[in-house]
Amino acid sequence: MKLPIPYGHQHIDDDDIQAVVETLRSDFLTQGPKVREFEKAFAEYCGARYAVAVANGTAALHLSTLAMEAGPGQKVITTPITFAASANCVRYCGGEVLFADIDPATYLIDLNQVESILQKEKNVTGVIPVDFAGYPVNLEDLKALAQKFNLWIIEDACHSPGAYFIDSKGEKIFCGAGKYADISVFSFHPVKHIATGEGGMAVTNSEKLYNAISLLRTHGITKDPNQITENHGGWSNEMIRLGFNYRLSDIQAALGISQLKKLEDNINRRQKLAQRYIDAFKTLPIKTPAAASTVRHAYHLFVIETDRRKELYEYLKARQIMTQVHYGPVHLHPYYRNLGWKEGDFPAAENYYKRCLSLPLYHSLTDEQQEYVIESVTEFFKKG
Ligand SMILES: *Cc1c(COP(=O)(O)O)cnc(C)c1O
């Protein structure tokens, strides 16, 4: 059995390696046919019209908030239980971040909290919900609220490709489907479901937003004859907006295409492993993740709650089982404390943080490895 066991790990097979090798021998290393092909396949998988591949998930968030025209004087709401990038993207644009506390049952942003903020605050223009751990936010309910208060929605779906909730019409709404959110954002960091080393995707049904994000990805430079002011010849291009170099390479896109083919297997494997943990821990003093029958959970993470989190972390580490904590509440990072946030602002998030621990969960975690994790956790609690 392979030790140590990390909390998350990529799963790269011979087909993935072959795909990368073929691209290395091709004419394009960056922004070539593989990027387009990956975008098309990914949009199709989500059930959306457009996708733009970018350098990483954070870049996708940055360009999405820019595409929504977020800027100084505007406020955007997100959850404190997420990776810092979900909030940082608003700061990149000069906007102000507001946090809404989590629902302790699902760990997702609490829509009642969002509503009470909207009743108090002025100039809130958008909301960034996060499908935390792979549990999809009910975007239909959020959209109703967003419409009432005239907000855009950027879904941070970095944890949840392939997850869905069932809306009031009985329709499966896949993360990134674009029915309720303006844009959905994904990451292809190695611990996520699809690994391209670094990589990200912004998915939308809006042609306008698609064009805006595409332009911003490549320096804000266009060759579109309808958009440039002076056409001097076939070479003419103009920079019409302050953009970035946030391209994904063709090498990475080739890997992404190959990885996407295995996403369903990956999610199914994670669900099986998650169910095995849930069954094994039934009699232990542990809270295991909620999963409503109306959602498909993508299980990016398997988070448990225990009063003895630190002890358990150390105990497992000594046995070469590397658990992790997701996440320290974003509002308590020194950067956000300096903006005025403090302990006590979001009690549900802070209480969750004191108790949470992510156990190993990934496609290539073997039954034997998981058995060892289960035995170790069980022994820890049996010893008292
Ligand atoms: C991973 C992650 C990101 C950032 O993605 P990168 O590809 O690492 O930049 C953003 N939000 C969430 C919730 C994430 O888990």
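One-based numbering, in listed order, for ligands and for the atoms of each.
- The shortest heavy-atom distance from Phe186 to ligand 1 is not under 4.0 Å.
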Between side-chain atoms of residues 46-56 and protein atoms elsewhere (two or more places apart, or another chain), which donor-acceptor pairs fall under 3.5 Å?
residue: Asn56; atom: OD1; partner: Thr58; partner atom: N; Å: 3.1
residue: Asn56; atom: OD1; partner: Ala59; partner atom: N; Å: 2.7

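- When heavy-atom distances to ligand 1 are checked against a 4.0 Å cut-off, His300 has no atom that comes that close, whether in backbone or side chain.
- The N/O atoms of Gly57, backbone and side chain alike, include one that comes under 3.5 Å of an N/O atom in ligand 1.
- If you look at Thr82 next to ligand 1, the close heavy atoms, those under 4.0 Å, all belong to the side chain.
- There is a side-chain donor-acceptor pair under 3.5 Å between Gln275 and Asp279.
- Looking only at heavy atoms of the protein, atom 1 (C) of ligand 1 is closest to Lys192 NZ, 1.5 Å.
- Under a cutoff of 6.0 Å and an axis angle of 45°, Arg309 and Tyr353 form a cation-pi pair.
- Side chains of Asp167 and Tyr180: a donor on one and an acceptor on the other come within 3.5 Å.
- Ligand 1 places these atoms under 4.0 Å from at least one heavy atom of Tyr327: 15 (O).
- Regarding atom 9 (O) of ligand 1, its nearest protein heavy-atom neighbour is Thr58 OG1, 2.6 Å.
- Atom CG of Asp14 is surrounded by 12 or fewer heavy atoms from other residues, nucleotides or ligands within 6.0 Å.
- The closest approach between a heavy atom of Glu198 and any atom of ligand 1 is not below 4.0 Å.
- Distances shorter than 4.0 angstrom occur between a heavy atom of Ser86 and an atom of ligand 1.
- With a 4.5 Å cut-off between side-chain heavy atoms of Ile, Leu, Val, Met, Phe, Trp and Tyr, the cluster of Leu215 takes in Ile240.
- Of the N and O atoms on the side chains of Glu305 and Tyr107, at least one donor lies less than 3.5 Å from an acceptor on the other residue.
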